[in-house]
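Below is one structure, written out as structure tokens; the observations come after it.
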Amino acid sequence: MYKPVTTLTDFVLEEERKSKDATGDFTMLITHIENAVKIIASHVRMSGLVDIMGATGNKNAFGEDVQKLDEFANKLLVDNLRKSGHVYAVISEEMEKPAYAKEGQRGAYIVYIDPLDGSSNIDTNCPTGTIFSIYKTDGDNLLQKGSRQVAAGYAIYGSSVMLVYSAGNGVNGFTLDPNIGSFLLSHPDIKIPQKMKSYSINEAYESLYDEGLKSYLAYVRQTGGYTSRYVGSGVADAHRTLVKGGIFLYPANKKHKEGKLRLMLEVNPLAYLAEQAGGVAVSLNKTSPLTIMPTKIHQRAPFVMGSHEEVDLFLKYA
Ligand code: P6P
């Protein structure tokens with residue numbers, strides 16, 4: 001029986017038609033990201049069977065072991081985007097320096113990417129993801145506040161492959177139909193529930209947290225009704241929080257004094273989505289990370305996102 005479906009392409013074209021000064025560049029940029037994500041998804045699904053699993057012996061910009069799959073994802077995304085003609089520069093978690101498009105191929109957008117977030121989970125078959133954050137080119141300035149993002153989103157390689165993004169008009173989720181190879185609108189207008197008694201934090205670091213956070217954790221544990229969920233893959237923890245509500249925290253601690261997550265590559269895109277979905281995100285000084293003026297492309301920031309009521313409760317203790 002015929003049932004109308006909306007593909008990601010249909011959706012982005014419709015959004016383009018709504019925007020009077022749209023040139024089609026953004027539509028093409030999202031399409032390049034979509035195509036790269038489909039290829040990454042097919043490799044992630046096969047990672048246990050082909051020899052692209054396991055570490056490469058290289059280190060990324062943060063001195064972390066690079067898994068072969070995130071090196072593959074990085075090369076694919078960076079090459080795709082640089083040659084697209086729509087991108088001025090790509091900044092990736094896997095590369096210390098930005099990758100600029102060649103002269104004559106430089107476009108209107110700067111794209112920050114975490115090609116395979118949570119890659120340390122690949123060999124345990126836990127969800128991983130690709131995070132992207134898009135800014136308009138601003139001369140050769142690559143450091144803009146998160147509030148200047150024109151779009152942000154992620155792919156999550158989980159029980160299904162989803163692409164979730166916002167261009168400032170709410171958040172929409174698309175699920176890959178492997179039979180036709182298209183992303184179909186499956187989660188229109190995602191809204192974070194105002195409250196949900198679920199908290200997500202790495203509790204193994206408790207001794208490293210500040211007293212306020214310890215008191216918050218003590219409260220949610222003893223008040224009853226709360227559940228704890230933590231995957232340890234940012235996209236998975238953020239996605240669950242986006243669709244089910246609750247609170248996801250990666251705060252600063254004595255080991256990670258600025259937090260572990262990267263401001264431009266993880267915190268800002270996830271915070272943008274949280275706010276677009278009617279939720280809230282906080283970082284330094286209990287304010288939105290989108291207000292932070294970045295000073296380095298790879299700087300880190302503390303991060304909390306989730307349901308308004310759950311984040312408000314956390315802020316009472318923070
Ligand atoms: P921890 C994955 O390595 C990552 O960068 C994020 O995806 C995730 O949220 C975080 O680190 C998990 O860190 O210290 O809890 O293992």
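Note that ligands are numbered from 1 as they come in the structure, with each ligand's atoms numbered from 1 the same way. The structure presented is a predicted model; accordingly, all values stated were derived computationally and were not measured. Worth knowing before you read on, the calculation uses all heavy atoms, side chains too, and leaves out hydrogens, waters and symmetry mates.
At least one heavy atom of Asp117 sits less than 4.0 Å from an atom of ligand 1. Under a 4.0 angstrom heavy-atom cut-off, Arg262 registers as being in contact with ligand 1. Within the structure, the closest approach of Glu266 to ligand 1 falls below 4.0 Å when heavy atoms are considered.
Shown in contact with Asn202 at under 4.0 Å from a heavy atom are these atoms of ligand 1, numbered in order with element: 1 (P), 14 (O), 15 (O).
Side-chain polar atoms of Ser19 and Glu15 form no donor-acceptor pair below 3.5 angstrom.
Residues Tyr154 and Phe132 keep their aromatic ring centres 6.0 Å or farther apart. The aromatic ring centroids of Tyr109 and Tyr135 lie 6.0 Å or more from each other. Between Tyr250 and Phe303, the distance from one ring center to the other does not fall under 6.0 angstrom.
Using the six-membered ring where Trp is involved, Phe26 and Tyr165 have ring planes that are tilted, between 30° and 60° apart.
Looking at ligand 1, you'll find an N or O of Tyr205 within less than 3.5 Å of one of its N or O atoms. In terms of polar-atom proximity, defined here as any N/O pair under 3.5 Å, Phe248 makes no such contact with ligand 1. At a 3.5 angstrom cut-off on N or O pairs, Ser233 does not count as close to ligand 1.
The protein non-hydrogen atom at the shortest distance from atom 6 (C) of ligand 1 is Gly234 N, 3.5 Å. Of the protein's non-hydrogen atoms, the one nearest atom 15 (O) of ligand 1 is Tyr230 OH, 2.5 Å. For atom 13 (O) of ligand 1, the nearest protein heavy atom (residue, atom name, distance) is Lys260 NZ, 3.1 Å.
Salt bridge Arg262/Glu93: present, at least one basic N to carboxylate O contact under 4.0 Å.
Taking the side chain as every heavy atom from C-beta outward, Val78 and Ile113 approach each other to under 4.5 Å.
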